[in-house]
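Take a look at the structure below.
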Number of protein chains: 2
Amino acid sequence: MTSKQEFVEKLRNSSLRPTKQRINICEVLFNRDKTFHFTINDLFNLIKDKTGEKVSLATVYNTVHAFHKKGYLKEIPINSNQTYFDTNVTDHHHFFDVKEEKLIDLKNEDVGPIEIQKSIPGKKIKSVEVLVKLED
Amino acid sequence: MTSKQEFVEKLRNSSLRPTKQRINICEVLFNRDKTFHFTINDLFNLIKDKTGEKVSLATVYNTVHAFHKKGYLKEIPINSNQTYFDTNVTDHHHFFDVKEEKLIDLKNEDVGPIEIQKSIPGKKIKSVEVLVKLED
DNA sequence: TTCCTTGTTTATAATTATTCTAAAGAAGAT
DNA sequence: ATCTTCTTTAGAATAATTATAAACAAGGAA
Ligand SMILES: [Mn+2]
Ligand SMILES: [Mn+2]
Ligand SMILES: [Zn+2]
Ligand SMILES: [Zn+2]
């Protein structure tokens, strides 16, 4: 449970002004027990539901991208009509339940170490992500 | 090098009528040495260039999805504004060069076996794909 | 062949996620 | 209080994809 004041400080420390909208978004995103996988639209609706205050869709986009750029959100590579984000920014992998369109965290130890044996001259590895698709 | 007649047979065997458009698309997609990673737009332009004949964008979409459904093309999970497809439908993984926006095949042996230690009741694993993002 | 049915192509419109624009508002500094 | 810079917002623009429906082509039967 992070207090409103803590969000204000974290935003300031990231040179993001602590606006009412951003604080509401923080509460929805980060005041929860488990990691949260969401689309912009999910988040847009949850803000209204959980805080009672409406934030414009444009602001949700702006804020999510600001947080993403600061490293507070991770984008999950999936083929979907919508982009998925994740509050768990540590290195980890995912199940994707194709029918339910839902992501489930896979811990690194659920997958085991992955050693990439090939390299491309002039390029270095930025991330290694495993996506496990699930069906019934 | 697959002949036009072979494409005709393969299409018929898949209960897809061998139209001029589909045969042209087959030539562009499957008459090549290496595996081919592409977007619909890439393919649309290549058809004009390589066959001299124009195929409507709608038909490119229709055909790619038909081939995808039949298992002749694979969709690659990536976050991009466009969907990427792959003529290599075997189980394999990818590098994604973020700057160049290009995919590079990773053989299974370049990655090593991946054993998923977690399971979800009622669901089974459909695919396991690794995406390795590259930066400079 | 000719006729008929069904599948396919196509131009075009519709849809939809995302980004852009520009004006109004809020935050922080002086 | 004033000024500057950042942020929010409604609405427009963009762009990938999908839907529509009419023209067309393939294949089978007669
Ligand atoms: Mn996750
Ligand atoms: Mn490939
Ligand atoms: Zn982002
Ligand atoms: Zn498809």
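Order of the sequence lines sets the chain letters (A, B, ...), proteins ahead of strands, with each chain counted from 1.
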- Item | Leading and trailing nucleotides of DNA chain C with any atom under 4.0 Å from heavy atoms of chain B | C:dT6 to C:dA11

- Message: In this structure, how many angstroms lie between the C1' atom of D:dA15 and the CG atom of B:Asp42, rounded?
- Response: 15 Å

- Item | Sequence neighbours excluded - side chain to side chain donor-acceptor pair (under 3.5 Å) pairs with any residue from residues 4-15 of chain A | A:Ser3-A:Glu6, A:Ser14-A:Tyr72

- Where at least one partner belongs to residues 58-70 of chain A, residue pairs that pass side chain to side chain donor-acceptor pair (under 3.5 Å), sequence neighbours excluded: A:Ser56-A:Thr59

- Query: Looking at residues 14-23 of chain B, who's got a heavy atom less than 4.0 Å off DNA chain C?
  - Reply: B:Leu16, B:Arg17, B:Thr19, B:Gln21, B:Arg22

- Query: Once you build an axis from the first five pairs and another from the last five of the helix from C:dT1-D:dA30 to C:dT30-D:dA1, how far apart in angle are they, to 10 degrees?
  - Reply: 20°

- Message: Quick test of your reading: applying salt bridge (Lys or Arg N to Asp or Glu O under 4.0 Å), list the pairs with at least one residue in residues 103-121 of chain B, sequence neighbours left out, ordered by first then second residue.
- Response: none

Can you tell if the side chain of [X] reaches within under 4.5 Å of the side chain of [Y], non-hydrogen atoms only?
X       : Y       : answer
A:Arg22 : A:Arg17 : yes
A:Thr83 : A:Ile40 : no
B:Leu73 : B:Phe38 : yes

- Note on the structure: With sequence neighbours left out, the residues meeting side-chain hydrogen bond (donor to acceptor under 3.5 Å, both in side chains) with B:Ser119 are none

- List for me each residue that meets side-chain hydrogen bond (donor to acceptor under 3.5 Å, both in side chains) alongside A:Asn79, sequence neighbours excluded, and say none if there are none. none

- In residues 47-63 of chain A, which residues come under 4.0 Å of DNA chain D by heavy atom? A:Lys54, A:Val55, A:Ser56, A:Ala58, A:Thr59, A:Asn62

What side-chain donor-acceptor pairs closer than 3.5 Å can you find for residues 124-136 of chain B, not counting sequence neighbours?
| unit_1 | atom_1 | unit_2 | atom_2 | d |
| --- | --- | --- | --- | --- |
| B:Lys124 | NZ | A:Asp136 | O | 3.0 |
| B:Asp136 | OD1 | A:Lys123 | NZ | 2.9 |
| B:Asp136 | OD2 | B:Lys99 | NZ | 3.1 |

- Query: Which part of the nucleic acid does A:Thr39 contact within heavy-atom distance under 4.0 Å: base, sugar-phosphate only, or nothing?
  - Reply: nothing

- Message: The criterion is side chain to side chain contact (heavy atoms under 4.5 Å, CB included); which residues satisfy it with B:Thr39, sequence neighbours excluded?
- Response: B:Asn41, B:Asp42, B:Gln82, B:Tyr84

- Message: For B:Asn31, give me all partners under side chain to side chain contact (heavy atoms under 4.5 Å, CB included), at least two apart in sequence or on another chain.
- Response: B:Met1, B:Thr2, B:Phe7, B:Glu27

- Message: Over 60° means perpendicular and under 30° means parallel, so tell me whether A:Phe30 and A:Phe67 are parallel, tilted or perpendicular.
- Response: tilted

- For atom NZ of B:Lys48, decide whether the heavy atoms of other residues, nucleotides or ligands shown that lie under 6.0 angstrom number more than 12. yes

- Between B:Asn81 and B:Arg12, just flag the one whose closest nucleotide in DNA chain D comes earlier from the 5' side. B:Asn81

